[in-house]
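Scroll down for the structure; my scribbles are underneath it.
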Amino acid sequence: MRGPLVDWYARHARDLPWRHDDCPAWGVLVSEVMLQQTPVVRVLPRWTEWMERWPGPTELADAGPGEAVRAWGRLGYPRRALRLVDAATALRDHHGGEVPQDEQTLRSLPGIGEYTAAAVAAFAFGRRAVVVDTNIRRVQARAVTGVALPAPGYTAAERRLATGLLPADAAESVRWNVSTMELGALVCTARNPSCGHCPLVDQCAWVAAGSPPDDGPPRRTQAWAGTDRQARGRIVQALRDADGPLSREQVLTAAGAAEAQAERCLGGLLEDGLAEGDDRAGYTLPQ
DNA sequence: GATCCGTGGCC
DNA sequence: TGGCCAAGGAT
C-alpha cells in the first residue's frame with residue numbers, strides 16, 4: 001500500500017509551513033506541541049507569530065513563561081506553553097541551544113512524549129521512527145485490522161502493528177509516516193470518511209468487510225459545563241487579558257463557578273505555575 | 001490504566 | 001442541539 005499512498009500525498013498534501021525544507025527543527029518541535037489535541041487551522045496563526053518572535057529555543061527560554069502563555073492565546077491546554085518554555089530552557093542550558101536528534105533525548109524533554117519525540121526525529125531529522133498519532137491509529141485500524149475505530153487507549157498491539165508496517169529505509173519511513181497521517185486527517189477521517197477518494201480503498205480491510213460500524217465500548221465523552229477545566233480556562237483567560245494584577249475577588253468572579261470550586265481552581269493554577277501572586281499583591285500570569 | 005488538562009467547530 | 005472530535009502528555 002506504499003505506492004498509492006505516497007503518490008496520493010504528493011498530489012494532495014497540505015502546504016504547511018513546518019513541512020518546508022527550510023523549517024528549523026525547533027519549528028517542527030513547536031508545531032508538534034501546538035498540534036497536540038489541537039486542529040491545524042487553529043495552530044497556523046499562533047505558530048507563525050511564535051516563530052517570528054522566538055525563532056529558536058534560546059529566545060523562548062529568555063522570554064519566560066508569562067509571555068509564552070499570553071502568546072499561546074486560546075490554543076487550549078496552556079500547560080503546554082509552560083512545558084515548551086521548560087523544554088527550551090533545557091535545550092539552552094544542557095543541549096547547546098540545539099534540538100537533539102535522537103528519540104531518547106527528545107523524550108526526556110518536558111511535554112515531549114512518545115508521539116512527539118518520534119515525530120520530531122522523523123520530520124525534523126529524517127530519522128526512522130515509529131510515529132503513531134490518532135490519524136495513523138485510525139488508518140491502520142481500518143486498512144489493516146478492518147475495524148471502524150481504534151480502541152480508546154493506545155495498545156501494545158497497535159505499536160507492534162505500526163512498527164511492522166514501517167518501511168526499513170529511513171527516507172521511505174518518513175514519507176510513510178507523513179502520508180498516513182495526512183490521509184487520516186483529510187480522507188480517512190473519524191466521521192464520514194471519503195472512501196471514494198481513498199488511495200487504499202481497494203486494499204482496505206474495513207471496506208472489504210462492508211464498513212461495519214464501531215463495535216467497541218461506548219466512548220466516554222468528556223464533560224465540560226461546570227468542570228474545573230472550564231473554570232480554570234476562564235481564570236487563565238482573565239489573567240491573559242488583564243493589564244495588571246487581578247484581585248482575588250476578580251479571579252474568583254472570572255471563574256464563573258461556586259466559591260469552593262473557584263478556590264480550588266485558583267489553587268491548582270498556582271501549583272501548576274499558570275498563575276502567580278497572592279491576595280495582597282494580586283494575581284497574574286507567571287513572570 | 002484511568003483521569004485530568006482547553007477550546008472551538010462541525011454534522 | 002449537543003455529542004464528538006482535533007498531530008497527546010503527565011500523574
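Quantities reported herein were computed from a predicted structural model and do not represent experimental measurements. Each chain gets a letter, A, B and so on, in the order its sequence line appears, and its residues count up from 1.
Taking atom P on both nucleotides, C/dG9 is separated from B/dG8 by 23 Å, rounded to a whole Å. On the P atoms, C/dA7 is 23 Å away from B/dC4, given to the nearest whole Å.
Between A/Leu84 atom CG and C/dG8 atom C1' the separation is 14 Å, expressed in whole Å. Between the P atom of B/dG9 and the CH2 atom of A/Trp224 lies a distance of 14 Å, rounded to the nearest Å. One atom, CD of A/Glu114, and another, C1' of C/dA10, lie 14 Å apart when rounded to the nearest Å. In this structure, A/Met34 atom CE and B/dT7 atom C1' are separated by 15 Å, rounded to whole Å. As a whole-Å value, the separation of A/Arg159 CZ from C/dG8 P is 15 Å. Atom C1' of nucleotide B/dT7 and atom CZ of A/Arg79 are separated by 15 Å, given to the nearest angstrom. The interatomic distance linking A/Glu271 (CD) with B/dC4 (P) rounds to 16 Å, in whole Å. Taking atom CZ on A/Arg74 and atom P on B/dG9, their separation rounds to 10 Å, with Å as the unit.
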A correct 5'-to-3' footprint of nucleotides 1-7 of chain C, with B, S and - meaning base, sugar-phosphate only and no protein heavy atom under 4.0 Å, is --BBSBB
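More than 12 heavy atoms of other shown residues, nucleotides or ligands fall within 6.0 angstrom of atom CD in A/Gln237.
You'll find the ring centres of A/Trp72 and A/Trp50 inside the 6.0 Å limit.
Contact annotation: the side chain of A/Thr180 never approaches that of A/Asn135 to less than 4.5 Å [non-hydrogen atoms, C-beta and beyond].
If you check every strand for non-hydrogen atoms under 4.0 Å, A/Gly113 touches sugar and phosphate atoms only. A/Leu75 comes within 4.0 angstrom of a base, heavy atoms only.
Distance check: A/Leu161 CG to A/Leu166 CG gives 11.0 Å after rounding to the nearest 0.5 Å.
Nearest-nucleotide positions on DNA chain B place A/Tyr154 closer to the 5' end than the other of A/Tyr154 and A/Leu274.
By the 4.0 Å N-to-carboxylate-O rule, A/Arg248 lies too far from A/Asp278 to be salt-bridged with it. A salt bridge is absent between A/Glu32 and A/Arg80; no separation between the charged side-chain nitrogens and carboxylate oxygens falls under 4.0 Å. Of the charged side-chain nitrogens involved, none lies within less than 4.0 Å of a carboxylate oxygen, so that A/Asp102 and A/Arg127 do not count as a salt-bridged pair.
For the OP1/OP2 pair of B/dT7 and a distance below 4.0 Å, the side-chain nitrogens and oxygens of A/Arg240 include at least one atom meeting the criterion. A/Arg232 has a side-chain polar atom (N or O) that falls below the 4.0 Å cut-off from OP1 or OP2 of B/dG6.
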